[in-house]
Amino acid sequence: VQLQASGGGLVQAGDSLRLSCAPSGRTFSSRNMGWFRQAPGKEREFVAAIRWIGGHTYYADSAKGRITISGDKAENTVYLQMNNLKPEDTAVYYCAASSGGITSEIRLARSYNYWGQGTQVTVSS
């Protein structure tokens, strides 16, 4: 299973972007889907996730109030609406899907077994 992330680009501080992530290849069933990001020289970090059962969403502190995750469970498609972007949001954004895992680890990359190739988001000041 491959996840295809798209929607990144070069924007100015204060602008908005909407990232999309959809699977290609064979169908699969996910329990959670999420977004992570990795800035140059830094470790990959959690941004947001959605647990399909109950539709619960989870956010990193840096994302709260500016970033919203949504999606379609039937299509295993997830979106990341990012508003009021800041230069520190510059990173490669990766989407991920988990076919299992426990809720307490939904913010951990190791909980996800399918990953997309990443889409670059660059925010200029």
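By convention here, the first residue in the shown sequence is residue 1. Since this is a predicted model, take the numbers as computed values, not measurements.
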- [ ] Enter the distance from Y79:OH to D72:CG here, rounded to the nearest 0.5 Å.
- [x] 6.5 Å
TODO: Identify, with sequence neighbours excluded, every residue that meets side chain to side chain contact (heavy atoms under 4.5 Å, CB included) alongside Q2.
DONE: Q4, S24
TODO: Could you grab the distance from atom CD1 of I50 to atom OG1 of T68, nearest 0.5 Å is fine?
DONE: 10.5 Å
Task: Results of side chain to side chain donor-acceptor pair (under 3.5 Å) for R31 - residues two or more places apart only - done: none
Task: Residues R44, W115; criterion side-chain contact (heavy atoms from CB on, under 4.5 Å); working and verdict - done: CA-CA 13 Å; R44 189 170 300 189; W115 289 85; 3.3 Å; yes
Open item on the list: Distance check, rounded to the nearest 0.5 Å: D89 atom CG versus M82 atom CE?
Closed with: 7.0 Å
Open item on the list: I need the S30 OG to E75 CD distance, nearest 0.5 Å.
Closed with: 11.5 Å
Open item on the list: Return the CG to CG distance between L17 and L80, rounded to the nearest 0.5 Å.
Closed with: 9.5 Å
Task: Any donor-acceptor pair under 3.5 Å from Y112 side chain to S99 backbone - done: no
TODO: Look only at the side chain of S98 and the backbone of S111, and say whether a donor-acceptor pair between them is shorter than 3.5 Å.
DONE: yes
TODO: Answer whether the closest heavy-atom distance between the side chains of Y114 and M33 falls below 4.5 Å.
DONE: no
Enumerate donor-acceptor pairs with a distance under 3.5 Å from any side-chain N or O in residues 53-65 to protein atoms, sequence neighbours excluded.
unit_1: Y59; atom_1: OH; unit_2: I69; atom_2: N; d: 2.9
unit_1: D61; atom_1: OD1; unit_2: K64; atom_2: NZ; d: 3.3

Task: Pairs where residues 97-110 contributes a residue and the test salt bridge (charged side-chain N to carboxylate O under 4.0 Å, His left out) is met, not counting sequence neighbours - done: E105-R110
Open item on the list: Please tell me whether W35 and L3 are part of a single hydrophobic cluster in this structure, the criterion being side-chain heavy atoms less than 4.5 Å apart.
Closed with: yes
Open item on the list: For a quick test of reading the model, state the closest non-hydrogen atom pair linking I106 to F46 and the distance between them.
Closed with: O-CE1, 3.9 Å
Open item on the list: Once rounded to the nearest 0.5 Å, what's the spacing between atom CD1 of I67 and atom CZ of R37?
Closed with: 6.0 Å
Open item on the list: Would a single hydrophobic cluster contain both V78 and Y94, if residues Ile, Leu, Val, Met, Phe, Trp and Tyr are joined by side-chain heavy-atom contacts under 4.5 Å?
Closed with: no
Return a table of donor-acceptor pairs under 3.5 angstrom between the side chains of residues 118-125 and protein atoms on other chains or two or more places apart.
unit_1: T119; atom_1: OG1; unit_2: G8; atom_2: N; d: 3.1
unit_1: Q120; atom_1: NE2; unit_2: A91; atom_2: O; d: 3.4
unit_1: Q120; atom_1: NE2; unit_2: T122; atom_2: OG1; d: 3.3
unit_1: S124; atom_1: OG; unit_2: V11; atom_2: O; d: 3.3

Open item on the list: Can you pull out every side chain to side chain donor-acceptor pair (under 3.5 Å) where at least one residue sits in residues 6-18? Sequence neighbours excluded, please.
Closed with: S16-N83
